J.: 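Structure below; questions to follow.
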Protein chains: 2
Amino acid sequence: MSPSKELVDFLNSGHLYMPGISIDCVIFGFHDRQLKVLVLQFKSTDGYALPGGFIRKEEHIDDAARRILEERTGLKEIYLEQFHVFGDSERGRDDTHRKFSRANGIELEADHWLLQRFLSIGYYALVDFSRAMPTPDVFSDTCQWYDLAGLPDLILDHNRIVQQALETLRLMLDNKLVGFNLLPETFTMNELQALYETILDKPLLRANFQRKMLSLEILERLEKKWTGKAHKAPYLYRFQDRH
Amino acid sequence: MSPSKELVDFLNSGHLYMPGISIDCVIFGFHDRQLKVLVLQFKSTDGYALPGGFIRKEEHIDDAARRILEERTGLKEIYLEQFHVFGDSERGRDDTHRKFSRANGIELEADHWLLQRFLSIGYYALVDFSRAMPTPDVFSDTCQWYDLAGLPDLILDHNRIVQQALETLRLMLDNKLVGFNLLPETFTMNELQALYETILDKPLLRANFQRKMLSLEILERLEKKWTGKAHKAPYLYRFQDRH
DNA sequence: TCCTTAAAGTATGAATATGCAACTAAAAGT
DNA sequence: ACTTTTAGTTGCATATTCATACTTTAAGGA
């Protein structure tokens, strides 16, 4: 098979980026009471990977992460935070990139920039599942949501990166009230509770959850949402201060 | 003035390290009811800086941080954690290193590795003040403890790095009980309380603090400490599970 | 129309944690 | 022995959280 122009261009673009450093993004979404993560599937091989990329020579690292995120989801203004640097001494020096390139018709030189050791800065992002438009990158055939529990084996240490992102998310959930970024503009109290229960992986008492959330005085109660179901209609709420 | 051999060797050692990445360490100590930070003073200029260094090509980033820490304090087995990557796009591209080298008799080439953009991984460390042996590095005349409140102006964004390390420390204090790493092996309840009050920058009620700490069941009560003062002798305690 | 069902919203008492103040203990000086 | 001073403890009021029960309301059906 002959390599695509996009791939060749990318493999020749090492001089644009800071050497030895990459960014990997754990992009969380929430749907059907499940926490989801965006995962790419490589072309021609069966490798799965987190969305990632490199830092341009003159680019703030947060801007690099935002750029990667926008490319994969179509969304600007995403809630985004770095959480850890992964710095194993052999990180990136396995044959992941070599095998991928070979499968796509390119043999990488031994000193190719993609074959060097890479640190990776882990970012986690929280997006409104209903607004994200998953879009594959130059390496990938697909860009899809996976249930956190049903993640495939990912390349390198990407499974560990997801785990650590999740731990950070749990720590931040009450601390900084980041959870709202995973929901649409308006939501019911039940949806919010389901989000918390999913992330924390434990059931919460409805009455107490409601009281706690309302006591924070960050929720604006809107009109009711008639669902057509045979029971009292829930209120819709809006978070008063996103991010 | 003619440059020292050590400095010349260091300036020629760029090929040993990962390019574009450094480590900066905020080393906290506690003494006289004050939180202290280790700060270096540059030779021949009046620049102050955090202890820092670079990552060897085959070295885990945590090992690099531990190496830097051991060089500055003489201590192994230090409590150490990365907390943030500082990645401004122009970071490192000011004239700090050029001025320093010039003052020490070396004119750096425009493309010298020290004049490139650098990301920096911030680590904070908690050490037992009484055991640390502050030791300057090749750039520095002195390596000294400074009260957090009395820090001098530091180079680059190092003052901001200290601020962010302090915020992280405050977050972690109860969360992971890291505070004990700032105290000697044994300590009185009063010393522990003073530590907490200093870090959190607020007074705590003695009775409540004691009850809370004891209820955690992580303190082992040892014999009493006779101070020679005209009052009841306090107990000494030991933390049961360092780190 | 009115009763039933189911989920939303609210209220209440118990358990636990925290804030505040007082009390007892003990080491050393007078 | 009495005082001073700090350590350690105790009791109680208040606040927060936990667990459960009660009330409300939209829609379906007798």
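These figures come from a predicted structure and were not determined experimentally. Labels below follow one simple rule: chain letters A, B, ... track the order of the sequence lines, proteins then strands, and each chain is numbered from 1.
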J.: Looking at B/Asn190, does any N or O in its side chain come under 4.0 Å of the phosphate oxygens OP1/OP2 on D/dA7?
T.: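 Checking B/Asn190 against D/dA7: at least one side-chain N or O falls below 4.0 Å of OP1 or OP2.
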J.: Return no unless some side-chain N or O of B/Lys212 is found under 4.0 Å from OP1 or OP2 of C/dA17.
T.: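 No, no such contact exists.
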J.: Tell me which nucleotide among C/dG9, C/dG19, D/dA26 gets nearest to the side chain of A/Ala233.
T.: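 Nearest listed nucleotide: D/dA26.
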J.: Write down the distance between CG (A/Leu205) and C1' (C/dA8), rounded to a whole number of angstrom.
T.: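 Checked: the CG to C1' distance equals 15 Å.
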J.: Rounded to whole Å, how long is the line connecting atom CG of A/Leu219 with atom C1' of C/dA8?
T.: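 Those two atoms, CG and C1', are 15 Å apart.
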J.: Picking from D/dT20, C/dA25, D/dT9, which would you name as closest to the side chain of B/Gln210?
T.: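 Looking only at side-chain atoms, B/Gln210 lies closest to D/dT9.
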J.: May I have the distance from B/Leu204 (atom CG) to C/dC20 (atom P), rounded to whole angstrom?
T.: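 Whole-Å distance recorded here is 12 Å.
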J.: Quick one: B/Leu200 CG to C/dT18 C1', roughly how many Å, whole number?
T.: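 It is 16 Å, rounded to the nearest whole Å.
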J.: Of the nucleotides D/dG8, D/dT10, C/dG9, which has the atom closest to the B/Ala207 side chain?
T.: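 Of all the options, the side chain of B/Ala207 is nearest to D/dT10.
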J.: To the side chain of A/Tyr237, which of C/dC20, C/dG9, D/dC18 is closest?
T.: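 Shortest atom-to-atom distance from the side chain points to C/dG9.
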J.: Expressed in angstrom and rounded to an integer, what is the separation of B/Met213 atom CE from C/dA17 atom C1'?
T.: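 Distance check: B/Met213 CE to C/dA17 C1' gives 15 Å.
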J.: Should the ring pair A/Phe180 and A/Phe239 be called parallel, tilted or perpendicular, given that the plane angle runs from 0 to 90° and is split at 30 and 60?
T.: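 Judged by the thresholds at 30° and 60°, the geometry between A/Phe180 and A/Phe239 is parallel.
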J.: By nearest atom, which of the nucleotides C/dG19, D/dT9, D/dA7 is closest to the B/Leu214 side chain?
T.: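 The nucleotide sitting nearest to the side chain is D/dT9.
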J.: Please tell me which of B/Arg211 and B/Arg206 maps to the more 5' nucleotide of DNA chain C, matching each residue to the nucleotide holding its nearest heavy atom.
T.: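 Whichever sits nearer the 5' end wins; that is B/Arg211.
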J.: Let's see if you can work this out: which of D/dT9, C/dA8, D/dT6 has an atom nearest to the side-chain heavy atoms of B/Lys232?
T.: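 So the side chain of B/Lys232 is nearest to D/dT6.
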J.: Side-chain N or O of A/Asn208 less than 4.0 angstrom from OP1 or OP2 on D/dT17?
T.: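 No, because none of the side-chain N or O atoms of A/Asn208 sits under 4.0 Å from OP1 or OP2 of D/dT17.
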J.: Tell me: CZ of B/Phe209 to C1' of D/dA7, nearest whole Å?
T.: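 Rounding to the nearest Å, CZ of B/Phe209 and C1' of D/dA7 are 14 Å apart.
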J.: Between D/dG8, D/dA19, C/dG9, spot the one nearest the side chain of A/Met189, thanks.
T.: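 The nucleotide sitting nearest to the side chain is C/dG9.
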J.: Is there a side-chain contact between B/Cys25 and B/Arg72, using heavy atoms and a 4.5 Å cut-off?
T.: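 Contact flag for B/Cys25/B/Arg72 side chains = no.
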J.: Kindly indicate whether the side chain of B/Ile121, heavy atoms from C-beta on, has any atom under 4.5 Å from the side chain of B/Tyr123.
T.: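 A side-chain contact under 4.5 Å exists here.
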J.: How about A/Phe28 and A/Val37: do any of their side-chain heavy atoms sit closer than 4.5 Å?
T.: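 A/Phe28 vs A/Val37: side chains touch.
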J.: Tell me the closest heavy-atom pair linking B/Leu80 and B/Ala125, and the distance in Å.
T.: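 Taking B/Leu80 first and B/Ala125 second, the nearest heavy atoms are CD1-CB, 4.0 Å.
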J.: Rounding to a whole Å, what distance do you find between B/Tyr235:OH and D/dT9:C1'?
T.: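 That distance rounds to 11 Å.
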